[in-house]
S.K.: 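Please read through the structure below; I'll follow up with questions.
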Protein chains: 2
Amino acid sequence: MVTIKDVAKVAGVSIATVSRVIHDGHQVGEACRARVKKVIAELGYRPNSNARALVSKTTNTLGVVTPKLSMPFFGSLASGVEKGARENNYKLLMSNSLYETKSEQEAIDSLRDHNCQAIILHSEYSDEKTLLKLAKEIPGLVLINRYMPAIANRCVWLDNVAGARQATDYLINRGHKNFAVITSIYQNGDPGFRLQGIRESLKTAGLQLAEAAIEESTANMEGGEQAVQALLNKGIKFTALLAYNDLMAIGAIHALFAAGLRVPEDVSVIGFDDLIVSRACRPRLTTMHYPVEEMASYATKLAIQLSDTSIEPESRTHLFIPQLVERDSVADAPHR
Amino acid sequence: MVTIKDVAKVAGVSIATVSRVIHDGHQVGEACRARVKKVIAELGYRPNSNARALVSKTTNTLGVVTPKLSMPFFGSLASGVEKGARENNYKLLMSNSLYETKSEQEAIDSLRDHNCQAIILHSEYSDEKTLLKLAKEIPGLVLINRYMPAIANRCVWLDNVAGARQATDYLINRGHKNFAVITSIYQNGDPGFRLQGIRESLKTAGLQLAEAAIEESTANMEGGEQAVQALLNKGIKFTALLAYNDLMAIGAIHALFAAGLRVPEDVSVIGFDDLIVSRACRPRLTTMHYPVEEMASYATKLAIQLSDTSIEPESRTHLFIPQLVERDSVADAPHR
DNA sequence: TTGAAAGCGCTAACAT
DNA sequence: ATGTTAGCGCTTTCAA
């Protein structure tokens, strides 16, 4: 391994000078700087980032904590963070939290051990107190996909209520009057907000949504299928179905066809997230685009900025709005 | 920040003793050990991993380099690595190579700066010489999804030829005689091997595969659609379609239905990879399961093992075999 | 403009 | 069983 000492020796200068050259310090003579640079290149010297971190307490390392990377949504999130990290010349440490408070905490701790001052956290299950405490300790902590008023300027989140309203309004404008909703059994966070948006829109339009027309299940394809089967078994009549997310929507489409109902002719279905799967099903899914990757890049830059405590943080929050993506799973309400 | 010194002072011992307690050294008195442990807990002390890395030259850090995390396949790969890393108590550094030799090299270099001796590399575009050189320099480097005889024991890969043969044989056994293939324009690596497998099977069965029945396109849904349209436009007749991967297969299904052909009644379609999308399309896609996540975990353990140069490496390679997953996109060949 | 030297937090000989 | 001490590779005063 080539160290700064080796470079210094070969270049015939002190290690301090080498260090200065590396850091573009302008207090080095031209000739000297050129010589050192040449030696660095020749020897293929690369500074040891651990040593650097140890003394300077700054690592140019950024951490992400997401529940599970194998889920496309989180893969996109990670990809956005990676992009932001690369653009700012930061390294990326990654940890799965596996949907548990305990492992989430471990993941965060391990990132802190590595001195990364900028952390992007996607937390669904930790309580506000824990998060607040963490935020206090880590200036460069940014929450993605969660809003807490006390640290509003460190939250990068999506307006789920507005998104759900937009989806619902779209269906209403297409003439639908009979709605059903399939949502997640876990009503904390996103599912709750999306349901709220649906309710608001329906109410504004003077439309009913019977409790029986709301079916809860797991937030995946199987859950979507089961929820629709349950709806059908209960004899609920609907021409428009709002799903908590794309996965449930796709499961729903499968179940609908299996029951002899056509999408969108008999039932219109709308999803949420705009994952790649939404272009894989047939009909292609109309859905709300969740700009995760963009949000993640944004959050990364924000986290890096905030980790520099010498800069006064802005006080605004960072709210993104989902966009409707029209594909083929929604049609006008069928005539009676 | 709590350091080892603080702990030592509070516990009334030397830092060496604290260090020993941390490392479960058995040369510490019971009483003393208990006291130190208590102080560590009280103070919330966590060893600084940079300092540790600096002196011990071992970081318990593992790096992965994949082209692009937002693609589900690589998300799964990363997830598998993460699992392996967590189980071995390793931290995970991640870098996208963006499908380019240059950024791939940068990604690797940045991992090395961080002293991570174990690296999982998914490389499609670097040439063998570069890789070989790298392998020589980094004992803990493992190649995933690529085979190089010279470092066979450090390759974790999939038998693409066998997989493609299995898929083809399955179709043959279902009575199909008229085949078409859609593959990637880039024929290096996987696509080439899969095509080879298809050719071998067909030949063995005494079946023809006209060059015109092989269409190249980009390896995604759009590519799949275009390829099938091209096939149809050329007037190629086929009852069985082998796609390079799931994405192309799904695009193909869309194009087939758009052309008034039913899957699987008129045309059977088979994919490769078994991504989540393969369960999203309708009919659900019959495909070859690529155990990426499992392979990635395996590769991780292997990399960690190899990075310990005191252990004599085994000489065998690490070959995985894809499994057929029967879903609904394949049927018996239609009668004439 | 350049160098000498202190020390970041930790591990691992070497002493005791 | 426990303490002392010498660095790991680097940044950063302080001096020259």
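Lettering follows sequence order; numbering is per chain, from 1.
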S.K.: To the nearest Å, how far apart are B:Asp113 CG and D:dC8 C1'?
M.R.: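 Going from CG in B:Asp113 over to C1' in D:dC8 covers 16 Å.
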S.K.: For B:His122 and B:Phe73, take the angle between the two ring planes, folded into 0 to 90°, and tell me which bin it lands in: parallel under 30, tilted 30 to 60, perpendicular over 60.
M.R.: perpendicular
S.K.: Starting at NE2 of B:His114 and ending at C1' of D:dG9, how long is that distance when rounded to a whole Å?
M.R.: 14 Å
S.K.: Do any side-chain nitrogens or oxygens of A:Ser14 fall under 4.0 Å of OP1 or OP2 in C:dG3?
M.R.: yes
S.K.: Please lay out, stage by stage, how A:Thr3 and A:Lys5 fare under the test side chain to side chain donor-acceptor pair (under 3.5 Å).
M.R.: CA-CA 5 Å; A:Thr3 73; A:Lys5 265 188 189 166; over 6 Å; no
S.K.: Measure CD1/A:Ile4 against P/D:dC8 and give the value in whole Å, please.
M.R.: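 Checked: the CD1 to P distance equals 13 Å.
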S.K.: Does C:dT11 have OP1 or OP2 sitting under 4.0 Å from an N or O in the side chain of B:Ser19?
M.R.: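 The answer is yes; a side-chain N or O of B:Ser19 sits under 4.0 Å from OP1 or OP2.
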S.K.: Please report the distance, rounded to the nearest Å, between NZ in B:Lys5 and C1' in D:dG3.
M.R.: 15 Å
S.K.: Rounded to the nearest Å, what distance is computed from the CE atom of residue A:Met1 to the P atom of nucleotide D:dC8?
M.R.: 12 Å
S.K.: Just the rounded figure in Å: distance from C1' of C:dC10 to CG of A:Asn115.
M.R.: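 Taking CG of A:Asn115 and C1' of C:dC10, I get 13 Å after rounding.
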S.K.: With no angle test and no hydrogens, is the base of D:dG3 tied to the side chain of B:Arg20 by a donor-acceptor pair under 3.5 Å?
M.R.: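 Indeed, a donor on one side and an acceptor on the other fall under 3.5 Å apart.
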S.K.: Report the distance from atom CG of B:Asp6 to atom P of C:dC10, rounded to the nearest whole Å.
M.R.: 9 Å
S.K.: Any side-chain donor-acceptor pair under 3.5 Å between B:Asp127 and B:Thr130?
M.R.: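 Side chains of B:Asp127 and B:Thr130: pair found under 3.5 Å.
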S.K.: What nucleotide among C:dC10, D:dT4, D:dG9 has an atom nearest to a side-chain atom of B:Ala16?
M.R.: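 My answer, after comparing the listed nucleotides, is D:dT4.
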S.K.: Between D:dT2, C:dT11, C:dG9, spot the one nearest the side chain of B:Gln27, thanks.
M.R.: D:dT2
S.K.: Under 4.0 Å from OP1 or OP2 of C:dG3: is there any side-chain N or O of A:Thr17 that close?
M.R.: yes
S.K.: Does the side chain of A:Lys57 get closer than 4.0 angstrom to OP1 or OP2 of C:dG9 through an N or O atom?
M.R.: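 For C:dG9, OP1/OP2 do have a side-chain N/O of A:Lys57 under 4.0 Å.
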S.K.: Return whichever of B:Val13 or B:Val55 has its heavy-atom-nearest nucleotide of DNA chain D closer to the 5' end.
M.R.: B:Val13
S.K.: Indicate the ring-plane relationship of A:Tyr99 and A:Tyr125, choosing parallel, tilted or perpendicular according to the 30° and 60° boundaries.
M.R.: perpendicular
S.K.: Using heavy-atom distances to pick each residue's nearest nucleotide on DNA chain D, tell me which of A:Thr3 and B:Ile15 is more 5'.
M.R.: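 Looking at DNA chain D, the more 5' nearest nucleotide goes with B:Ile15.
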S.K.: Could you give the CZ-to-C1' distance, from B:Arg33 to D:dT2, as a whole number of Å?
M.R.: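 From B:Arg33 CZ to D:dT2 C1': 13 Å.
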S.K.: Quick test of your reading of the model: are B:Lys102 and B:Glu100 salt-bridged, counting only N-O distances below 4.0 Å?
M.R.: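 Judged by the 4.0 Å cut-off on N to carboxylate O distance, B:Lys102 and B:Glu100 do not form a salt bridge.
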